[in-house]
Number of protein chains: 2
Amino acid sequence: MTTVEPTVEAPGRDRILDEAATLFLEHGYEAASIRRIAEAVGMRAASIYHHFNSKEDLLEAILRRGLEVMTVAFGEASTATLGAPGPERLAAHVRAHLAALYENGPYTATHVTTFRTAPQSVRATIVPQRDAYEVLWTSLLDDLVTSGLLAPDTAVGPARLMLLGGMNASVEWFDPHLGSLDDLSELITRQTLYGLSNPMTD
Amino acid sequence: MTTVEPTVEAPGRDRILDEAATLFLEHGYEAASIRRIAEAVGMRAASIYHHFNSKEDLLEAILRRGLEVMTVAFGEASTATLGAPGPERLAAHVRAHLAALYENGPYTATHVTTFRTAPQSVRATIVPQRDAYEVLWTSLLDDLVTSGLLAPDTAVGPARLMLLGGMNASVEWFDPHLGSLDDLSELITRQTLYGLSNPMTD
DNA sequence: TTGCCTACCTAACGTTCGTTAGGTAGACTT
DNA sequence: AAGTCTACCTAACGAACGTTAGGTAGGCAA
């Protein structure tokens with residue numbers, strides 16, 4: 001719901017972040033050169049260094065912003081569904097994560113696609129913030145086990161990884177201009193909770 | 001079960017493919033230079049060009065091999081479970097895909113992590129073979145709907161994308177040296193079919 | 001024995017990379 | 001009016017990139 005980025009016509013530093021994130025997302029970190037980023041922004045390569053100390057700093061800022069978008073979205077979903085029934089709470093958080101991926105600029109999508117192959121030094125500085133986001137999900141799933149929605153023997157660790165992995169993997173095929181984000185959220189939530197099997201014969 | 005690659009001590013061309021796939025997987029296509037690949041193999045950069053016409057050709061060969069490993073594994077699972085009950089068939093194919101990811105060299109893992117950001121010309125030549133693999137999964141899921149295992153109103157397209165996406169996403173966190181591939185297969189199959197919800201209260 | 005083929009090598013090419021040094025035009029401050 | 005700061009610029013650096021030309025040593029064929 002909350003739109004973090006205007007995406008168009010942001011000045012200076014934010015324009016660079018926008019265009020760099022878009023190019024990192026599409027071609028990867030190494031393949032997107034400072035000169036191509038600068039060209040997309042409409043300036044010269046050297047001018048980038050007025051705003052960022054290095055290409056790695058630029059990547060780090062983008063990864064951090066992506067994580068921030070996710071974290072804020074998670075928090076909003078949490079406060080919005082305090083005391084709500086389990087399925088509704090899960091659905092809201094799924095929807096929030098997907099909104100972070102598709103509706104708040106390229107930062108989150110760039111994070112999930114670029115983090116794995118980012119330079120080690122960049123990854124290291126991001127890891128704590130990333131772990132914190134995963135803890136949020138772990139707590140949520142723990143709560144849902146406690147409340148009885150999820151099976152008591154649920155392996156919360158793998159379940160979290162699979163749920164996040166499945167949502168993140170959707171950036172490879174889901175196009176928010178073609179499909180509805182609400183439909184996708186509902187599909188993922190329902191499938192996560194109840195699976196694909198035929199309830200009639202089960 | 002079938003091991004396609006000896007992985008160690010393969011001569012010439014195969015050694016190059018092995019080391020290149022490993023480096024592409026770890027750092028991405030652009031970040032892994034011909035010189036670093038050659039160094040890993042134990043030869044000079046120019047010697048790579050005795051075996052491949054270009055870096056893009058090398059990538060294409062790796063992506064193709066990854067797809068071939070997947071396709072062969074799928075076929076073996078299919079023939080091995082002809083006439084078997086639905087859950088068993090699905091489990092076998094899940095296990096086959098995961099084995100392709102983790103037990104047959106870095107080719108399949110490189111494919112799933114590198115394809116999206118590969119140069120457009122390389123992607124274009126791979127797409128038909130990739131589509132063919134997806135058709136295999138679509139047919140399998142269609143069969144499972146027909147046989148009554150999956151709900152009649154299952155959206156097979158999204159279901160396939162989520163299942164494959166979830167399995168592929170596991171390369172970000174699953175380590176076959178730490179966890180059992182059979183356990184992971186069983187977890188994914190069960191979660192795909194029945195979800196996480198508590199069967200007692202449902 | 002000669003000649004070819006395979007599998008490498010050294011050396012170098014032009015290009016692009018990230019990055020730095022130093023300059024400038026305009027706005028804002030004093 | 002003078003000085004300072006911001007946001008860019010041109011020009012250039014050394015390093016690394018993919019790639020090519022041309023050479024060589026060993027095995028195999030005639």
Please tabulate, for side-chain N and O atoms in residues 126-136 of chain A, each donor-acceptor pair with protein atoms closer than 3.5 Å (sequence neighbours left out).
residue: A/Gln129; atom: OE1; partner: A/Arg64; partner atom: NH1; Å: 2.9
residue: A/Arg130; atom: NH1; partner: A/His111; partner atom: NE2; Å: 2.9
residue: A/Tyr133; atom: OH; partner: A/His97; partner atom: ND1; Å: 2.7
residue: A/Tyr133; atom: OH; partner: A/Trp137; partner atom: NE1; Å: 3.0
residue: A/Glu134; atom: OE1; partner: A/Arg160; partner atom: NH2; Å: 3.3

When you check the phosphate oxygens OP1 and OP2 of D/dC8, does a side-chain N or O of A/His51 lie under 4.0 Å from one of them?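 Answer yes for this pair, as a side-chain N or O of A/His51 is under 4.0 Å from OP1 or OP2.
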
State whether B/His50 places a side-chain N or O below 4.0 Å from either non-bridging phosphate oxygen (OP1 or OP2) of C/dC9.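 For B/His50, the contact criterion (side-chain N or O under 4.0 Å from OP1 or OP2 of C/dC9) is not met.
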
Nucleotide [N], atom [atom2] - distance to [atom1] of [X] in whole Å:
X: B/Asp57; N: D/dT19; atom1: CG; atom2: P; value: 9 Å
X: A/Ile48; N: D/dT10; atom1: CD1; atom2: C1'; value: 16 Å
X: A/Leu59; N: C/dG18; atom1: CG; atom2: P; value: 12 Å
X: A/Glu56; N: C/dG18; atom1: CD; atom2: C1'; value: 11 Å
X: A/Arg15; N: D/dC8; atom1: CZ; atom2: P; value: 10 Å

Ring pair (Phe, Tyr, Trp, His ring centres under 6.0 Å) partners of residues 139-174 of chain B, not counting sequence neighbours, each pair once: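 Listed by first then second residue: B/Tyr102-B/Phe174.
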
Can you pull the ring pair (Phe, Tyr, Trp, His ring centres under 6.0 Å) pairs that have at least one residue in residues 11-34 of chain B, sequence neighbours excluded?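 Every pair satisfying ring pair (Phe, Tyr, Trp, His ring centres under 6.0 Å) with a residue in residues 11-34 of chain B: B/Phe24-B/Tyr29.
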
Got a sec, which residues hit side chain to side chain donor-acceptor pair (under 3.5 Å) with B/Glu26, two or more places apart in sequence or on another chain?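 B/Glu26: no side chain to side chain donor-acceptor pair (under 3.5 Å) contacts found.
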
List the residues meeting side chain to side chain donor-acceptor pair (under 3.5 Å) with A/Glu186, not counting sequence neighbours, and say none if there are none.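 Side chain to side chain donor-acceptor pair (under 3.5 Å) check on A/Glu186 returns A/Arg190.
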
Select one nucleotide: of C/dC9, D/dG18, C/dT20, the one nearest the side-chain heavy atoms of B/Tyr49.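 Comparing C/dC9, D/dG18, C/dT20 against the side chain of B/Tyr49, the answer is D/dG18.
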
Closest to the B/Ser47 side chain, choosing from D/dC9, D/dT19, C/dC8: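 Among D/dC9, D/dT19, C/dC8, the one nearest the side chain of B/Ser47 is C/dC8.
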
Using a 4.0 Å cut-off on heavy atoms, which residues in residues 23-45 of chain A reach DNA chain D? List them by number, or say none.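 Close to the strand are A/Arg35, A/Met43, A/Arg44.
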
Taking only Lys NZ, Arg NE, NH1 and NH2, and the carboxylate oxygens of Asp or Glu, determine whether B/Glu76 and B/Arg95 approach each other closer than 4.0 Å.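 No salt bridge links B/Glu76 with B/Arg95.
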
